Every structure is written in C-alpha cells, then in structure tokens.
Amino acid sequence: MNVGKTTISVITADHLSRSGKKVLLIDLDPQTSATLFLENNYGEITPKEELFTALNNENLRPAICHLAENLDVIPGDWNLSKWDQMAAKFPQKLRMFILGNLLQPIKEKYDYVILDVPPTISVLVTNAVLASDYIALVLQTQKSSYESALRTTRYLQELKEDYNANFILIGIILYLVSKRSRTDNIIESKAAETFGEEALFKNHIYYRERVKNWSNQGITHNEKDIHDVHTHKMYSDLIEELIERIGD
Ligand SMILES: Nc1ncnc2c1ncn2[C@@H]1O[C@H](COP(=O)(O)OP(=O)(O)O)[C@@H](O)[C@H]1O
Ligand SMILES: [Mg+2]
C-alpha cells in the first residue's frame, strides 16, 4: 500500500547524511520510487551495474552510487520484479539470505543502511527483512492499512520463528490525515489496542502539500520558508524517535 514508506526513507537518508552520519539507501522497489525522488535533487542516477545484475553476480559494490557527502544509494531496478525467479537457483537454505550476505561486507562502511521495500511480500522483501537489524512499519489511517499492518506483523513474527531471525520491530509509524480527524482517532486507538500503546511512534506524519512538492521537484531546505521548516521538523522529530528506539 502507498503509505509514505518511500518518502520517509528518502527524507531520513537526507536528514541523517546531512547530520554527518554515513548513509546508504537501497531502493528495492522495482517501481524505483525512491530513486526517482532522489533524481529530482541529484540528476540521473546511473550505477556501473544495475542492482539485478549486481545481485546475480553476488557483488553489490558496482551498484552503489555516491550522491553527496555521506550519502550513497543503490538505485532501483525494474528488473527486480524478476528477481524471485533468479533467487530460485540458490539452494533453499541460502535463498532468503542472499541480500543479507552480500550486505555484510558493505554495511561496515555506513552508520545506517536504509532499505526501502515494495508493498507486497516476495522473496526479495523476505531477504530485506532478514538482512535488517531494525524494522519500522507505516500505517496510514486514511487508507485503513490497519489490516495490512496486522498481516505484516504476523508475517514478521512467522519469519522470526522460521528463520530464527533477530531483527527488532521498533514500532509503527502513523501517517494521519489531520490532528482532528475522527477516522484517524478511531484507527489510532484500534492500533494502540492491537499493537500496544508503546508500539506506536509518538511522533506522527501528517499530510503536507510540501511533501508533494519535494517528491516532484526535490527536497528543499529553505530556512526562510515556513513550509520547508515545518515539514522538515515533522520528519526530524520522527527520525529522532526512530534513533531513540534503535537505541544508538
Ligand atoms: N506527509 C505527506 N504529505 C503529503 N503527501 C505525502 C506524504 N508522504 C507521502 N506522500 C505522497 O504519497 C504518495 C505515496 O508516498 P510513498 O512515500 O511513495 O509511499 P509508499 O512508499 O508507501 O508507496 C507519494 O505521491 C508521496 O509524495
Ligand atoms: Mg514505496
């Protein structure tokens, strides 16, 4: 579901790298939305080798593009939609750990590696989950993605058991319509009941026209523009809580 995942991933990568942390953002969505978002700011992003090829050759380095000080990206690749088929050639035992294993030697160079995943579960998404230390879910009240969040937490729990995985679900981010919306409040209390009050991020994401501008024209940091300032503050509060929840 479109719940603002890519937007949060890209803005988080932007904020953390600007604050001096070394960040690698990996766009695992064949629709390449994170890459398209970043291209507004950085122009066309062309890796030496596309991600699908890099995964096939079992070396991710040629897929990494350097965008700015502290910010690298592995751009998305529409060929990824065929990746599940490709993964089938790996022995069963290894199949879900291909990405994790390839990231092992690379992640040491970074403070944060952010994986932006497509909305449907696949071998690739399972690889991403099992490669992760921490996972955040996003729930958009307007689209009542509540059911989907519920299914996702069950799927994560199953993966944990089946693969003895040790990723931590750090919480659920709510994308709300407005501070006073009735549907928002209903879904929020339903989510608090199901997942537990403490599972929900205290900082929420709200609909902001400015985010639309950013996703079409690139992120701006104009300190004299109140919409830039407020929208960045909304995300930086969320990111601060995210870092707190990770416990770094
Ligand atoms: N806080 C926000 N305010 C307004 N529009 C948003 C916000 N967050 C995301 N969007 C828009 O919603 C659409 C889906 O967002 P996206 O981050 O791509 O979701 P997902 O990755 O979950 O599919 C995009 O057009 C994006 O610009
Ligand atoms: Mg997305």
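As the structure lists them, so they are numbered: ligands from 1, and atoms in each ligand from 1. Quick note: residue numbers are just sequence positions, from 1. Computed from a prediction, not measured in an experiment: that's the story for all the values here.
Under the 6.0 Å cut-off for aromatic ring centres, Phe97 and Tyr163 qualify, their centroids lying closer than that. Ring to ring, His232 and Trp214 are close: their centroids are under 6.0 angstrom apart.
In this structure, Asn203 contributes its side chain and Leu238 its backbone to no donor-acceptor pair below 3.5 Å. For the pair Asn216 (side chain) and Lys212 (backbone), a donor-acceptor distance under 3.5 Å is present. Formation of a donor-acceptor pair under 3.5 Å by the Asp27 side chain with backbone atoms of Thr35 is found in this model.
At a threshold of 2.8 Å, the Mg ion (ligand 2) has a backbone or side-chain N, O or S atom of Thr6 nearer than that distance.
By the criterion of a heavy-atom distance under 4.0 Å, the side chain of Ser215, and not its backbone, is placed next to ligand 1. Using a 4.0 Å cut-off between heavy atoms, Phe37 makes no contact with ligand 1 at all.
Residue-ligand proximity, Val211 to ligand 1, at heavy-atom distances under 4.0 Å covers atoms 1 (N), 2 (C), 3 (N), 4 (C), 6 (C), 7 (C), 8 (N). Interface of Thr6 with ligand 1, defined as ligand atoms under 4.0 Å from a residue heavy atom, comprises 17 (O), 18 (O), 20 (P), 21 (O). Applying the 4.0 Å criterion to heavy atoms of Ile205 picks out, from ligand 1, the atoms 1 (N).
Following chains of ILVMFWY side-chain contacts shorter than 4.5 Å, one cannot reach Trp78 starting from Trp83, and the two form parts of different hydrophobic clusters. The cluster map of Ile, Leu, Val, Met, Phe, Trp and Tyr, joined by side-chain heavy atoms under 4.5 Å apart, puts Ile246 and Ile135 in the same cluster.
Not one N or O of Ser33 is nearer than 3.5 Å to an N or O of ligand 1, by distance alone.
Among Thr7, Ile8, Asp116, Val3, the residue whose heavy atom lies closest to atom 22 (O) of ligand 1 is Val3. Among Tyr206, Trp214, Tyr175, the residue whose heavy atom lies nearest to atom 7 (C) of ligand 1 is Tyr175.
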